[in-house]
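Down below is the structure, laid out as structure tokens.
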Amino acid sequence: MRIGELARRTGVSERALRYYEEQGLLRPERRPSGYRVYGDADVAAVRRIRVLLAAGLSTAQILEVLPCIVDDDGLLTPACPELVDELVKQRDRIGEAISELETTRANLNTIIAGQRS
DNA sequence: CTTCTTACA
DNA sequence: TGTAAGTA
């Protein structure tokens, strides 16, 4: 299938699909016309990418993580020990970001209430 | 009509 | 990311 169909079947824009390829996440074949040709497996591949992106991973991290991941009918499972370590670090970073945002929110609330320190 | 690349907001 | 432009 060409990019248009893959986009329709995954709900992902053609723009994003080309971007994933640019980032090395997808490797579609090319017809002599230059048109990209994707396989049925790419539909699942794109969904996998979306799940990882939704988990807060960057395209660069996804590129490293993809080969170490098992896809059990949609359920993504870490296949390498080092991958789990990476994901745990990622989760900790997110926790840090949340803490900082909570502090920022508290500061904002103080200003909004017009309280004196 | 669909896709491609490049460039700009 | 979206979109416009000029092609193949």
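The sequence lines fix the lettering, A, B, ..., with proteins before strands; numbering per chain opens at 1. Quick caveat, the model's predicted, so the values are computed rather than measured.
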Minimum side-chain heavy-atom gap A:Arg18-A:Leu26 below 4.5 Å: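 Contact flag for A:Arg18/A:Leu26 side chains = no.
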pair A:Leu87-A:Leu57: side-chain heavy atoms closer than 4.5 Å: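 A:Leu87 reaches A:Leu57 side chain to side chain.
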Linked, directly or transitively: A:Leu76 and A:Val43 (ILVMFWY side chains, under 4.5 Å):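 The answer is yes; both residues are in one hydrophobic cluster.
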Nucleotide B:dT5, atom C1' - distance to OH of A:Tyr19 in whole Å: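 Checked: the OH to C1' distance equals 17 Å.
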Interatomic distance where CZ belongs to A:Arg31 and P belongs to B:dT5 [whole Å]: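 After rounding, the reported distance stands at 15 Å.
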Gap between atom CD of A:Glu64 and atom SG of A:Cys80 - 0.5 Å precision: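 CD of A:Glu64 is found 12.0 Å from SG of A:Cys80.
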Spacing of A:Leu66 atom CG and A:Leu52 atom CG [to the nearest 0.5 Å]: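 A:Leu66 atom CG to A:Leu52 atom CG measures 6.0 Å (nearest 0.5 Å).
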Shortest non-hydrogen contact between A:Ile62 and A:Ile49, atoms and distance: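 So the minimum-distance heavy-atom pair works out to CD1-O, 3.9 Å.
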Between N or O atoms, less than 3.5 Å apart, protein on one side and nucleotides 3-8 of chain C on the other: list the pairs.
{"from": "C:dT3", "atom 1": "O4", "to": "A:Arg15", "atom 2": "NE", "distance (Å)": "3.3"}

A:Gln61 versus A:Glu86, side-chain donor and acceptor atoms under 3.5 Å: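 Judged by distance alone, the side chains do not pair up.
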Heavy-atom donor-acceptor pair, A:Gln90 side chain to A:Gly56 backbone, under 3.5 Å: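 Confirmed, A:Gln90 side chain pairs with A:Gly56 backbone.
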For DNA chain B, stems built from three or more consecutive Watson-Crick or G-U wobble pairs below 3.5 Å: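 Correct response: B:4-8 with C:2-6.
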